[in-house]
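Each ligand, and each atom within it, is numbered from 1 in the order the structure gives. Sequential numbering from 1 along the given sequence is applied to the chain's residues.
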Amino acid sequence: MTRRQAACLADALAIGYRVLGQGGPAVMAVEVTIRFLEQSGLFNAGRGSNRQLDGVQRMDASLMEGAHLRAGAVASIEGILHPIVAARLVMEKTDHVLLVGPCAARFARHFKLERHRPSGPSRRLPYGGILADLKRTGDRHGTVGAVALDQAGSVGAGASTGGIDSMLPGRVGDTPLIGCGVYADNRSGAVSMTGLGEGIIRLAIAKSICDRLVRGRSPLAAAKSVLRRLVERIGGAAGALVIAPDGRFGIVHVTPRMAAGWWNGTGKPVVQGRWP
Ligand code: ASP
């Protein structure tokens with residue numbers, strides 16, 4: 001994590017906490033935190049999103065609140081600076097959970113969401129180069145996510161990503177899939193995932209962690225046991241942000257690093273590149 005990224009993460013935590021401090025809902029704190037990270041261009045989300053192998057940025061995002069289990073998500077959306085806002089609008093303005101592709105972008109434009117045109121030359125690889133490239137570089141992460149607990153005792157979770165390195169056009173990861181990349185339920189807790197989506201999807205990690213919370217495991221223990229299973233069963237790589245309705249939380253990763261932080265309003269936000 002660079003210094004700029006660490007500072008940006010601390011600012012994002014402060015902005016999100018301000019919502020909670022004013023009595024606002026957890027899901028709103030999650031959204032403003034992610035929005036700030038999306039616009040920074042410093043992470044693999046929003047402005048800084050990876051491109052797929054045809055040179056196009058296609059982004060995924062989702063948001064969920066734990067009181068009524070409302071959720072919204074977009075997948076493979078193009079040309080929008082804040083996919084997390086589009087996800088919130090799906091949750092609030094429609095009876096659906098997930099919109100995809102050009103139709104998701106049209107939906108976002110209908111609500112006049114800020115547009116984004118990636119700058120710089122786009123990479124275009126011949127199709128024959130794709131598989132070699134996937135194996136070589138498919139392990140860089142940098143998705144943004146957040147979980148929060150508000151004063152009313154509700155939890156919220158969200159995530160936003162430009163996907164992984166060297167993805168085939170049309171690839172969608174775990175981030176917009178409720179129960180895989182995010183989950184939030186006031187009866188268990190909230191989870192936001194980062195890491196290689198292909199593994200996270202196959203073990204429905206976010207919901208699996210919540211299921212362990214319901215059975216009384218701590219956030220740390222629940223995340224550790226599910227991520228251990230991810231590694232043992234399929235050799236996956238991921239990190240989890242987990243918060244329980246009683247305020248206990250865990251930041252757990254089975255990747256070498258995971259830039260993450262937390263803040264409860266006292267002292268300064270804690271930001272680290274690794275978590276024990
Ligand atoms: N989970 C994201 C995906 O697979 C990537 C990441 O977390 O960096 O699309």
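- Atoms of ligand 1 found under 4.0 Å from any heavy atom of Thr143, numbered from 1 in the order shown, are 2 (C), 5 (C), 6 (C), 7 (O), 8 (O).
- Atoms of ligand 1 found under 4.0 Å from any heavy atom of Thr175 (numbered from 1 in listed order, with element): 1 (N), 2 (C).
- Distances between N or O atoms of Glu198 and those of ligand 1 include no value under 3.5 Å.
- Close approach of ligand 1 to Asp174 (heavy-atom distance below 4.0 Å) involves ligand atoms 1 (N), 2 (C), 3 (C), 4 (O).
- Side-chain contact of Asn186 with Ser154: a donor-acceptor pair under 3.5 Å is present, judged by distance alone.
- Near Thr194, meaning under 4.0 Å from one of its heavy atoms, ligand 1 places the atoms 6 (C), 7 (O), 8 (O).
- Residue Gly197 places at least one N or O, backbone or side chain, under 3.5 Å from an N or O of ligand 1.
- Put simply, the residue from Val155, Val147, Leu220, Ile209 that forms a side chain to side chain contact (heavy atoms under 4.5 Å, CB included) with Val242 is Ile209.
- Counting heavy atoms from C-beta outward, Arg248 and Leu213 have side chains that stay 4.5 Å or more apart.
- Residue Arg109 places its CZ atom among more than 12 non-hydrogen atoms of other residues, nucleotides or ligands, all under 6.0 Å distant.
- Side-chain contact between Gln5 and Leu9: absent, with no pair of heavy atoms (C-beta onward) separated by less than 4.5 Å.
- Of the candidates Met258, Arg171, Met167, the one placing a heavy atom closest to atom 4 (O) of ligand 1 is Arg171.
- Taking every heavy atom of Gly163 and a limit of under 4.0 angstrom, the matching atoms of ligand 1 come to 5 (C), 9 (O).
- Counted within 6.0 Å of CE on Met28, heavy atoms from surrounding residues, nucleotides or ligands total 12 or fewer; the atom is thus considered open.
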